[in-house]
Every structure is written in C-alpha cells, then in structure tokens.
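Structure first, then comments.
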Amino acid sequence: MTPEALRALLEQVAAGGVAPGDALERLRTLPFEDLGGVLLDHHRALRLGAPEVIYGAGKTPADLAKIARAVLARGHDLLVTRVDPTQAAAILAAAPEARHEAVARCVVARAPGPDGAPAART
C-alpha cells in the first residue's frame, strides 16, 4: 500500500464511506504476507516510497507467479529481477499485463489504477 492509498483509505473511514472492519481487512497483510515459504513485504512502499523488488534467481516459477499476483493485487508496481525464460513465462501467465525485458532479465508491470483498470504503459 502506498502512502497515498493509505491516506485515502483513512479518509474514507473517517467520512463513513468505508466501514472500519472493511478497512481492517484491506490492511490485514500489512506489513507482511506469508505466501507459503515466501514472505512478501507490503509495508516497504509505506516505509521507503517504493515497493519491494523481487529477486527471481533461485525461486520457482510457481512462487514467482504467486508473488506477482500478490504484489499487483495490493496495488504495487511489479519488478522481478534475474529471471530466466521459464520464470518469465510463469509470471506473464499470472500477470498478463506484465512484460518481460529479456536483455535485462526482468519482468515489470504497472499496478492497476484506482479504478482497477490496467495502468498505461509509459
């Protein structure tokens, strides 16, 4: 969650537009989410202003696909480094909006916008 998203959520709770229980559910994975052997730091964006960068080397394609879905579902941009073609294919299957940069050996995706629509590529 970004600082802007957290502020918006708190303002919605204060205005009565979001129930406290619903807000609590949105915050449940802060600061960390255990994906079964992979601990994802969703709080990093709040602490440092940028989401976690995922180091792909040594992770299974299935783990990277799971990580990609979790990162994007929380509204963060995705950057996975040191991926091989098999890992990249698994990530792209899980996150079709992502793109593989073969020379850089990374996969990137912009988080969906506030309306849920895919972010425009720049």
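These numbers come from the heavy atoms of this one structure, side chains and all, not from hydrogens, waters or symmetry mates.
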For this session: Identify the two heavy atoms, one from V107 and one from A98, that lie closest to each other, and give their separation to 0.1 Å.
Result: CG1-CB, 3.7 Å
For this session: Answer whether the closest heavy-atom distance between the side chains of V108 and C106 falls below 4.5 Å.
Result: yes
For this session: Can you measure from CD (Q87) to CG (D84) and round to the nearest 0.5 angstrom?
Result: 4.0 Å
Problem set entry | D63 versus T60, closest heavy-atom pair with distance | N-OG1, 2.9 Å
Problem set entry | Partners meeting side-chain hydrogen bond (donor to acceptor under 3.5 Å, both in side chains) with D77 (sequence neighbours left out) | R110
Problem set entry | Over all atoms of both residues, closest heavy-atom pair of A90 and A65 | O-CB, 3.6 Å
Exercise. So which heavy atom on V83 is nearest to which on A88, and how close?
Worked result: CG2-CB, 4.2 Å
For this session: State which residues pass side-chain hydrogen bond (donor to acceptor under 3.5 Å, both in side chains) with E101; sequence neighbours excluded, sorted by chain then number.
Result: R99
Exercise. side-chain contact (heavy atoms from CB on, under 4.5 Å) with L35: which residues, sequence neighbours excluded?
Worked result: E33, V38, L40, K66, I67, A70
Which pairs of donor and acceptor atoms, one on a side chain in residues 51-59, lie under 3.5 Å apart (sequence neighbours left out)?
unit_1 : atom_1 : unit_2 : atom_2 : d
E52    : OE1    : D41    : N      : 2.8
K59    : NZ     : Y55    : O      : 2.6

For this session: Tell me, please, which residues at least two apart from E11 pass side-chain contact (heavy atoms from CB on, under 4.5 Å).
Result: R7
For this session: Can you sort out the partners of L72 under side-chain contact (heavy atoms from CB on, under 4.5 Å), two or more places apart, ordered by chain and number?
Result: L78, A95, E97, A109
